[in-house]
Colleague: 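Below you will find the structure I want to go over with you.
Positions are given from 1, in the same order as the sequence printed here.
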Amino acid sequence: MMFIRRSLILYLTLFITHVFCFHFKNDKILTNVWSGTQQFPTVLVGKNNDNYYYVNVSFGTPGQLQQLALDTSNPYSWVLSGTDNSQCSNHTECDETTLYMVNESSTSVDINAGKFYSLEFIEGINVNGTAVSDVMLFPNISVLTNSVNSDDVNPFSRVIRNSTTNVTFTNNYLKISQPYFLNVNESSNLLTGVLGLGGIITYPGNAIDYRNFDSDQFYFMKSLVDANIIESAGYSLWLNSDPTSVETTLSGSILNDNSGRLIFGAVDPTLFSDTLVQFDMIPFMDSSTGVASTGYPILPMGPIYITNSNKDTLNMTSKDYLEPVLIDSSFIGSYLPVSTIIQIAIPIGANYVESLDRWLVRCDVGTVGAHIDFTFDEVTIKVPLQHLLTTTFDATSNETMHFSDGQAACFLKLYANSYIGFNVLGESFLRNAYLAVDLNGNTVALGQANSPDDIYDAESTTMGVATSSQSTSVQSSSTSTSTVAAIRSGYIPYAKHKVYNDTSLTLYPASVSVQSSYIPGQYTATVFSNGIVTAPVRSFYETSRTSTTTRASSTQFNSLSINMSSVTASRTVNAASNKRVQPPTIYTHISEIPSFAFMSTLLVMITVGFLI
């Protein structure tokens with residue numbers, strides 16, 4: 001009898017322990033600790049006609065659907081207020097279907113009533129508004145799991161309630177009540193709502209400093225942790241199904257709702273190829289206070305190369321080049337040293353037009369198989385040249401700039417970093433990279449993004465379950481036996497962690513300029529009153545250079561060629577109009593630091609041309 005009683009007590013103890021471990025493990029993570037199964041919400045990412053990547057989010061009761069632009073460098077989320085017309089010029093400059101009407105929601109709550117937030121971010125985005133709490137719902141949710149058992153996903157539904165947040169998480173939607181966000185009635189440089197995916201910002205004396213936000217509910221990623229959706233603040237981003245091209249932009253609409261995936265709390269190894277390398281976030285230094293913030297995805301960028309269809313490679317920088325760069329999804333273009341842009345412009349035949357403050361190049365250069373290679377230690381992100389081009393189509397005149405041979409002219413989506421004071425890689429880069437971010441551990445991992453065809457092949461052979469080893473020497477290549485794995489503080493699955501001890505790797509913003517740095521005359525073009533753009537003749541045949549590379553095997557060559565359908569040494573453009581493209585608004589709080597004087601050596605560096 002005593003044996004039976006003890007057995008019964010032991011059984012009940014194990015049962016209670018099982019129940020509590022399943023439902024309440026640290027009150028943090030939706031995990032069955034006995035089986036190790038986890039579910040990760042995945043959001044469909046689209047692209048709007050302004051070239052911003054967005055996710056659909058519904059706010060309020062009844063729901064008001066918003067398109068929120070993804071912002072990898074800013075931790076705060078906001079919507080555009082529909083009750084104030086000033087920021088949208090009486091709504092004519094905004095899509096009225098994505099404006100938030102706070103008074104029409106029965107679940108909206110004013111937070112810190114009477115307090116007004118005026119935020120100026122380092123990338124030049126400015127917003128003014130008030131804080132609101134309301135129901136937040138992601139309608140386009142799919143579920144990834146680290147289990148090979150499909151029953152763990154379909155059907156799937158859980159409701160979690162705690163003292164902070166009520167959450168409903170299914171394989172169709174993710175609903176959170178009541179996170180905090182800003183109801184913005186005035187904004188500049190980004191007329192859209194934003195989903196903030198950045199880390200905590202330390203910026204003493206500035207309104208964006210984390211100490212001005214008295215609740216963790218202002219941090220969207222932290223809200224997911226508190227709501228038991230993910231174990232640690234982190235996400236991964238894949239955008240390689242983006243179909244945008246020069247041809248699609250000519251149609252006047254690039255809107256699509258299937259450009260990629262945003263995965264909360266996990267890494268999917270089928271979305272990247274070869275190596276995934278993890279870096280500590282490089283600090284951003286506030287020069288006025290001497291305080292550094294590690295909340296930004298700033299990484300150590302190595303040499304930049306150009307590669308043709310024959311896989312011949314030429315260094316656009318130097319073999320020892322190493323500079324901090326901000327990875328920011330809110331930038332359509334990328335910002336690099338003007339010397340690097342000139343080096344890229346030479347082989348592709350691009351010319352700088354001062355009146356437009358842009359570089360022009362033949363659109364068909366994007367069809368020859370060349371790509372720009374951005375290196376980050378062991379990983380190289382290859383960006384097809386066509387992804388760095390955008391149309392010169394002017395909707396007001398229904399005209400596109402053309403060269404004299406009838407070939408369309410395109411803008412190069414590269415800008416001098418002197419505009420904002422530091423290097424930035426934006427949309428063109430991110431659509432070719434797989435980005436994984438651990439906000440708790442202040443680390444970022446990069447890998448070359450797989451194409452949809454690559455993913456289909458990988459998913460058709462995927463088997464097994466990934467381990468959750470905390471070792472930083474995890475094999476980084478995605479294999480047929482790998483599956484989705486959770487991001488944890490200080491740990492990104494499948495990534496090789498690289499640590500740089502160079503204390504000089506801090507992003508110190510330099511002085512800014514409203515115009516691009518000096519461009520040598522042989523690389524410029526002129527727009528005349530009759531709409532003709534003429535560039536000086538320069539030869540692409542007599543220059544040569546020997547290239548050294550930091551890669552495992554050095555490649556030497558006397559010349560590289562990019563074969564075009566036609567060859568011309570002079571450039572003449574039929575301009576649709578002499579329309580000035582305004583330079584971006586400059587962040588006014590960046591302290592001035594004298595810029596590096598490189599022009600004395602620039603002409604020595606430029607000694608090579610590609611046959612066009």
Colleague: Describe, in one word, how the ring planes of Tyr352 and Trp359 are oriented to each other, choosing from parallel (under 30°), tilted (30 to 60°) and perpendicular (over 60°).
Modeller: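 Answer is tilted, since the angle falls between 30° and 60°.
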Colleague: My understanding is that only residues two or more places apart in sequence, or in another chain, count here; which of them pass side-chain hydrogen bond (donor to acceptor under 3.5 Å, both in side chains) with Tyr210?
Modeller: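 If we apply the side-chain hydrogen bond (donor to acceptor under 3.5 Å, both in side chains) test to Tyr210, skipping adjacent residues, there are no hits.
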Colleague: Can you tell me if His371 and Asn308 form a side-chain donor-acceptor pair at under 3.5 Å?
Modeller: no
Colleague: Rounded to the nearest 0.5 Å, how far apart are CG of Asn56 and CG of Leu195?
Modeller: 11.5 Å
Colleague: Regarding Thr367 and Asp364, is there a side-chain donor-to-acceptor distance under 3.5 Å anywhere?
Modeller: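 No, no side-chain donor-acceptor pair sits under 3.5 Å.
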Colleague: Not counting sequence neighbours, which residues clear ring pair (Phe, Tyr, Trp, His ring centres under 6.0 Å) with Phe374? List them please.
Modeller: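 With sequence neighbours excluded, Phe374 shows a ring pair (Phe, Tyr, Trp, His ring centres under 6.0 Å) to Phe429, given in chain and number order.
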Colleague: Output all residues satisfying salt bridge (charged side-chain N to carboxylate O under 4.0 Å, His left out) with Asp377, sequence neighbours left out; order by chain, then residue number.
Modeller: Lys498
Colleague: Quick one: list whatever passes side-chain hydrogen bond (donor to acceptor under 3.5 Å, both in side chains) with Tyr53, sequence neighbours left out.
Modeller: Asp242
Colleague: State, without any angle test, whether Asp328 and Ser73 hold a side-chain donor-acceptor pair at a distance under 3.5 Å.
Modeller: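 Their side chains do contain a donor-acceptor pair, which is all the 3.5 Å distance test asks for.
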Colleague: Could you check whether Tyr296 and Phe284 have their ring centres less than 6.0 Å apart?
Modeller: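 Under 6.0 Å, so yes.
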Colleague: Sequence neighbours left out, what passes side-chain hydrogen bond (donor to acceptor under 3.5 Å, both in side chains) with Asn240? Give chain and number order.
Modeller: none
Colleague: Listed by chain and number, what are the salt bridge (charged side-chain N to carboxylate O under 4.0 Å, His left out) partners of Lys413, not counting sequence neighbours?
Modeller: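 Salt bridge (charged side-chain N to carboxylate O under 4.0 Å, His left out) check on Lys413 returns Glu427.
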